[in-house]
There are 2 protein chains.
Amino acid sequence: MTARYARIAAELRDAITRGEYAVGAHLPSEAELAVRFAASRGTVRQAVAVLAAEGLVGSRQGARRIVLGRERSQSFAELHSFAQWARATGHRVSGRVLAQRRRGASAAEAARLGIRPDEPVLSVLRLRSLEGEPVLLERTVYAGWIAPAVERLDADCESVTRALYDGVGLVFAYGEHLIDAVAAGTEDSRLLEVRRGSPLLRQRRVTTTHEGRPVEWSDDRYRAGSVTFSIRNSVDANPLVRQVGDLRPSS
Amino acid sequence: MTARYARIAAELRDAITRGEYAVGAHLPSEAELAVRFAASRGTVRQAVAVLAAEGLVGSRQGARRIVLGRERSQSFAELHSFAQWARATGHRVSGRVLAQRRRGASAAEAARLGIRPDEPVLSVLRLRSLEGEPVLLERTVYAGWIAPAVERLDADCESVTRALYDGVGLVFAYGEHLIDAVAAGTEDSRLLEVRRGSPLLRQRRVTTTHEGRPVEWSDDRYRAGSVTFSIRNSVDANPLVRQVGDLRPSS
DNA sequence: TAGGCGAACTTGTTCAAACAAGCTAGGCCC
DNA sequence: GGGCCTAGCTTGTTTGAACAAGTTCGCCTA
């Protein structure tokens with residue numbers, strides 16, 4: 001049984017998606033919604049806070065809430081798992097492990113994973129395709145404690161996220177993502193079937209468990225044009241941060 | 001006078017940044033914090049909710065809250081305004097308008113700005129530099145109603161965001177961002193001083209007022225290596241969305 | 001020693017009430 | 001007509017209380 005505020009949020013979200021409340025239009029006041037859903041104002045406020053966090057509605061003190069957009073963002077699982085995302089959007093997806101080996105962590109990897117350098121990790125190179133076209137090259141480093149479970153997976157396992165959840169109950173709960181653009185290297189260009197030096201969208205990420213324990217550190221490179229990231233933010237909630245590039249000083 | 005929960009959040013954030021609560025460590029329980037700050041549990045919950053939204057702490061039912069990271073994310077203003085961001089991070093920044101003209105909106109621009117095609121807009125091409133190096137090329141389209149205020153700005157105005165706030169009280173409140181990688185075109189390569197076809201990080205964005213009224217639609221291109229975007233997310237709060245290719249369902 | 005059970009603790013959900021602060025529209029005055 | 005002002009509406013903040021649900025850890029048993 002989901003929480004009441006979650007059900008109210010879902011109902012309002014559906015109404016927005018259906019176009020019952022158009023973009024730019026006002027949402028009913030909290031008092032009205034409280035009556036309609038037979039809930040207290042506090043519960044209604046929690047519901048609309050969910051929609052605000054999703055970027056669907058905006059609010060400011062004194063004025064009625066307004067509808068900002070219609071599509072809701074994907075779940076964390078859909079963002080984290082390429083396979084689950086692709087399937088949910090109706091695409092044909094496949095993946096293949098090209099290389100996999102245990103080794104000691106580099107200094108940079110150890111820092112990301114919260115372990116000491118040279119502690120054992122599992123390094124995996126995975127190529128993923130959309131509609132038969134190679135689209136994403138993943139270079140992932142798994143912490144040693146999860147390595148055995150990863151090694152048990154099939155080489156062409158579709159959804160690693162799903163398999164690890166089903167197999168050992170592992171839940172990816174938090175993520176930090178660094179997004180930038182890089183030129184395709186030799187290996188990149190061969191596997192993604194693009195020219196050397198052509199632009200790739202790079203997403204580096206650390207994923208951790210509920211306890212904040214890092215599970216994996218990954219360098220994912222998308223062929224230009226294949227994938228776009230979208231973020232909605234506001235004065236009140238801004239998850240997006242800009243950082244000075246970590247690469248070489250300008251040449 | 002800021003709200004009480006905001007002050008509690010600030011105090012906890014400072015403690016985390018100072019390292020008083022290490023990454024991976026537990027935060028005090030809500031009950032303890034309520035006593036320490038002489039506030040109700042509800043208020044304390046609001047404070048930690050702020051930190052959770054910033055990605056600094058994680059929480060799950062039944063378990064103590066844990067610290068996930070130390071640096072807080074930038075304010076919306078710092079993300080939106082290149083100049084304010086650069087100054088806050090201690091960099092020398094400059095900007096220059098290279099071209100500016102009024103014209104009718106294209107179909108795509110009209111869709112983004114919520115106006116009809118051919119309605120008047122102001123198109124601006126702006127080059128921004130960091131430490132004297134050209135880093136960012138902005139192609140911005142302003143809605144007609146704000147065009148006069150933009151035209152009054154100096155060609156080398158540092159912070160457009162700031163100038164528009166001071167001048168006409170305009171507040172950028174909500175944004176939607178699309179991030180991908182593209183190859184540098186002819187104009188891009190000349191102005192950013194890179195080879196044609198070299199990778200650029202592209203950020204396209206629509207920014208709106210409090211009322212949800214679109215102000216600008218912009219295509220910003222960063223030289224590879226100069227800037228990275230960072231996003232922290234969780235199962236509960238996931239602002240990041242992945243999309244196929246360039247096309248977005250136009251509403 | 002390994003496993004299971006449960007008590008104490010901690011966060012999640014919901015309600016009701018009151019006041020603060022910002023916004024809007026309509027009326028009033030010049 | 002234009003501008004000012006206020007009454008009423010709407011969202012923001014805070015408190016206190018109670019119960020639900022999940023976690024943790026020590027203790028007891030096999």
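All values below were derived from every heavy atom in this structure, side-chain atoms included, with hydrogens, water molecules and symmetry-related copies excluded. Letters A, B, ... are given to chains in the order of the sequence lines, protein chains preceding strands, and every chain is numbered from 1.
- Scanning for side-chain contact (heavy atoms from CB on, under 4.5 Å) contacts around V168(B) gives I146(B), A149(B), R152(B), L170(B), with sequence neighbours left out.
- Screening E78(A), H80(A), Q84(A) for a side chain to side chain donor-acceptor pair (under 3.5 Å) with T161(A), the sole residue that qualifies is H80(A).
- For the OP1/OP2 pair of dC9(C) and a distance below 4.0 Å, the side-chain nitrogens and oxygens of S29(B) include no atom meeting the criterion.
- In this model, the phosphate group of dT13(D) is not approached by any side-chain N or O of T43(B) to a distance below 4.0 Å at OP1 or OP2.
- Counting only heavy atoms from C-beta outward, the side chains of P28(A) and Y21(A) approach each other to under 4.5 Å.
- The pair R103(B)-E109(B) meets the salt-bridge criterion, since a charged nitrogen lies less than 4.0 angstrom from a carboxylate oxygen.
- Nucleic acid contact for R45(B): base, since at least one base atom lies under 4.0 Å from a heavy atom of the residue.
- Of the listed nucleotides (dG12(D), dT14(D), dC15(C)), dT14(D) has the atom at the smallest distance from the side chain of Y5(B).
- Regarding Q46(A), its CD atom lies at a distance of 7 Å from the C1' atom of dT13(C), rounded to whole Å.
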Protein proximity profile, nucleotides 18-26 of chain C - base contact B, sugar-phosphate-only contact S, no contact -, cut-off 4.0 Å on heavy atoms: B--BBSS--

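- Between the P atom of dT24(D) and the CZ atom of R65(B) lies a distance of 14 Å, rounded to the nearest Å.
- A parallel orientation is assigned to the rings of W85(B) and H91(B), their planes being inclined by less than 30° (bins at 30° and 60°).
- One atom, CD1 of I66(B), and another, P of dT23(D), lie 13 Å apart when rounded to the nearest Å.
- Remark: the T228(B) side chain and the Q243(A) side chain contain no N/O donor-acceptor pair separated by less than 3.5 Å.
- Remark: R205(B) engages D220(B) in a salt bridge, criterion side-chain N to carboxylate O under 4.0 Å.
- Using a cutoff of 4.0 Å between basic side-chain nitrogens and carboxylate oxygens, E32(B) and R64(B) are scored as salt-bridged.
- In this structure, CG on L164(B) lies 6.5 Å from OH on Y142(B), to the nearest 0.5 angstrom.
- Taken residue by residue, residues 30-37 of chain A places no heavy atom nearer than 4.0 Å to DNA chain C.
- In the set dG12(D), dG16(D), dT14(C), dG16(D) carries the atom at the smallest distance from any side-chain atom of S40(B).
- Straight-line distance from the NE2 atom of H210(A) to the P atom of dT24(D): 11 Å, rounded to whole Å.
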